[in-house]
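Here is the structure we will look at, set down as structure tokens.
Side-chain atoms are counted along with the backbone in the values below, which use heavy atoms only and exclude waters and symmetry mates. Per chain, numbering begins at 1; letters A, B, ... match sequence-line order.
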2 protein chains.
Amino acid sequence: MERLMRSIKIGINEKIYLKDPESSDLGKRIVEQSILMIHEMGFESFTFRKLGEQIQSNESSVYRYFENKHKLLLYLASWYWGWLEYKMVFATNGIPNPTEKLRRAIEILTQTVKEDVTFSHVNEVLLNKIVINEYSKSYLTKEVDLENKEGYFVIYKRLVQRLHEMIITVDKDYPYPSSLASTILEGSLHQYFLKEHFPNLTDCDDNVTPTQYFTDLVFRTLTPKA
Amino acid sequence: MERLMRSIKIGINEKIYLKDPESSDLGKRIVEQSILMIHEMGFESFTFRKLGEQIQSNESSVYRYFENKHKLLLYLASWYWGWLEYKMVFATNGIPNPTEKLRRAIEILTQTVKEDVTFSHVNEVLLNKIVINEYSKSYLTKEVDLENKEGYFVIYKRLVQRLHEMIITVDKDYPYPSSLASTILEGSLHQYFLKEHFPNLTDCDDNVTPTQYFTDLVFRTLTPKA
DNA sequence: TATAAATTGATAGTATTACTTTTATTTTTG
DNA sequence: CAAAAATAAAAGTAATACTATCAATTTATA
């Protein structure tokens, strides 16, 4: 699995970048170091100037890969969701029982990223934390409809769609499968955030995981067909 | 109800502002026009300079009320949640049946704000839209723990707490009442956002409301005690 | 292997933002 | 009416988010 993951390239919409960061050493350093820096200082404080210094290159060189830091965030997010999608498809493939399949999917999608599989230069553990703290900012903008039309969110949308399909396979009569799917994905990020910063607003802690909460929620909600 | 609402002042943490905007005509114009402008141009494009022009005053005058636009957002959000809390407490007060009480609370908390009650200078319809699009940005910051300690999020937290209490009154054995409560509040904002920008990721549309989705979800999940 | 092409690095420049400071003017209030 | 407070106007600062230019270096290819 690890070896396999390492050899896969995640297909990201080419309009997100000016030059594919996977195509050069500098590009990989941009991705690698931006993850460390955004995690460290947060998205608002992160700038291309600082990144340039960090990678011992130049601001202007970074701009040749990404138009701006917003596009870089879209890139990192797409990478993350593409990686999760891959893990999910792999883990659920071949499970015949729809209930078990959905259960496994929820597990993959809502669990913490513990090990650094180190898919080349990308630190998935930190990337997961970045997504928890910053992903919303990538779509809560005035440009969202335009960017959606450009296809910048396709991977995330496909992931929700896959979850949606697993839900209706378990219970074809459930009336809100899309909403439930999007609630699981978005809600999971939120529960992780609350656990860290607003522990009173969640039941998740060291002993209770978002995975347990959402698994319980989904299977109380759905009525599996006989 | 409308009359009552108009005569109530929402108690907002005094550390959020430098000078109470309710205390002067200029302050009220700041709040009133900032709501229109943030709704119109989005939070990132909104600046105190532009606001100063709009209210026929000066940037520096705005800075005497709020340290920066982030604090202004915290203020507007507190106002909104305080207003919603008030509506909810009012609407559920005196309902003896816990299930009906919770149902009514969910209804209030997840429904669209349709009418402009025009609680003085605040346009609640637009404020609701601002909260949908911008609220996350108020806490997804590196300063969240500090600001939480300062009490900038108390009203929102109290609202989740109230919902939590109603949930356990309906089903004292449900193991995740805090998570469910926070999921309802946050998830509702998210479903409204999806309905507008990612209709494929939600079942909510002109005919199906987030209220229906969450009411259904909660009552499938909880087992009311006999 | 020479040369062209592409990439990168360094520097400088522009417009805007997010403020702060100062001073003048207006409004409020005792 | 005088003093105090609030507001307005203007200017200034440091940082951001870029763009443009050109030189240096690496890479590709003829």
| request: Find out whether A:Gln212 and A:Glu107 are in side-chain contact, i.e. whether some heavy atom of one side chain is under 4.5 Å from a heavy atom of the other. | output: no

| request: For side-chain contact (heavy atoms from CB on, under 4.5 Å), just list the numbers for B:Met88 and B:Arg104, CA-CA rounded to whole Å, side-chain angles, deciding distance to a tenth of an Å, and then say yes or no. | output: CA-CA 8 Å; B:Met88 188 196 80; B:Arg104 186 83 180 101; over 6 Å; no

| Nearest-angstrom distance from the residue atom NZ of A:Lys19 to C1' of D:dT27 | 11 Å

| request: Would you confirm whether B:Ser45, through its side chain, and B:Gly42, through its main-chain N or O, come within 3.5 Å as a donor-acceptor pair? | output: no

| Reading nucleotides 19-25 of chain C from the 5' end, what letters show protein touch, with B for base, S for backbone sugar-phosphate only, - for no heavy atom under 4.0 Å? | BBB----

| request: For DNA chain C, determine which residues of residues 133-149 of chain B have any heavy atom closer than 4.0 angstrom to one of its atoms, and list them numerically. | output: none

| According to the ring pair (Phe, Tyr, Trp, His ring centres under 6.0 Å) rule, which pairs have a member within residues 20-49 of chain A, sequence neighbours left out? | A:Phe48-A:Tyr63

| request: Classify the side-chain pair A:His197/B:Asp145 by whether it contains a donor and acceptor separated by less than 3.5 Å. | output: yes

| field | side chain to side chain contact (heavy atoms under 4.5 Å, CB included), paired with A:Tyr80, selected from A:Val113, A:Ile130, A:Ile155 | value | A:Val113

Under 3.5 Å, which protein N or O atoms sit close to an N or O of nucleotides 26-30 of chain C? Give each pair with its distance.
none

| Between B:Asn123, B:Val122, B:Asn128, which is the residue that forms a side chain to side chain contact (heavy atoms under 4.5 Å, CB included) with B:Leu126? | B:Asn123

Check residues 198-205 of chain B and write down every donor-acceptor pair under 3.5 Å in which the side-chain atom is one partner and the other belongs to a residue at least two apart or another chain.
from     : atom 1 : to       : atom 2 : distance (Å)
B:Thr202 : OG1    : A:Ser179 : OG     : 3.0
B:Thr202 : OG1    : B:Gln191 : OE1    : 2.6
B:Thr202 : OG1    : B:Cys204 : N      : 3.0
B:Asp203 : OD2    : A:Ser178 : N      : 2.8
B:Asp203 : OD2    : A:Ser179 : N      : 2.9
B:Asp205 : OD1    : B:Asn207 : N      : 2.7
B:Asp205 : OD1    : B:Val208 : N      : 2.8

| Salt-bridge present (B:Lys137, B:Glu44; N to O < 4.0 Å) | yes

| query | How long is the line joining CG of B:Leu72 and C1' of C:dT17, in whole Å? | reply | 16 Å

| query | Are the charged groups of A:Lys28 and A:Glu32 less than 4.0 angstrom apart, N to O? | reply | no

| Starting at the 5' end of DNA chain D and moving along, which residue's nearest nucleotide shows up first, A:Asn58 or A:Thr47? | A:Thr47

| query | For residues A:Lys142 and B:Asn133, is any side-chain donor paired with an opposing acceptor at under 3.5 Å? | reply | no

| request: Report which part of the nucleic acid B:Tyr65 touches: base, sugar-phosphate, or nothing (heavy-atom distance under 4.0 Å, all strands). | output: sugar-phosphate

| request: Could you tell me the separation between the CG atom of B:Leu26 and the CD atom of B:Gln56, rounded to the nearest 0.5 Å? | output: 11.5 Å

| field | Modelled atom types, side-chain donor and acceptor of A:Ser188 and A:Thr110, under 3.5 Å | value | no

| message | At a heavy-atom distance below 4.0 Å, what parts of residues 23-44 of chain A sit against DNA chain C? | response | A:Ser24, A:Leu26

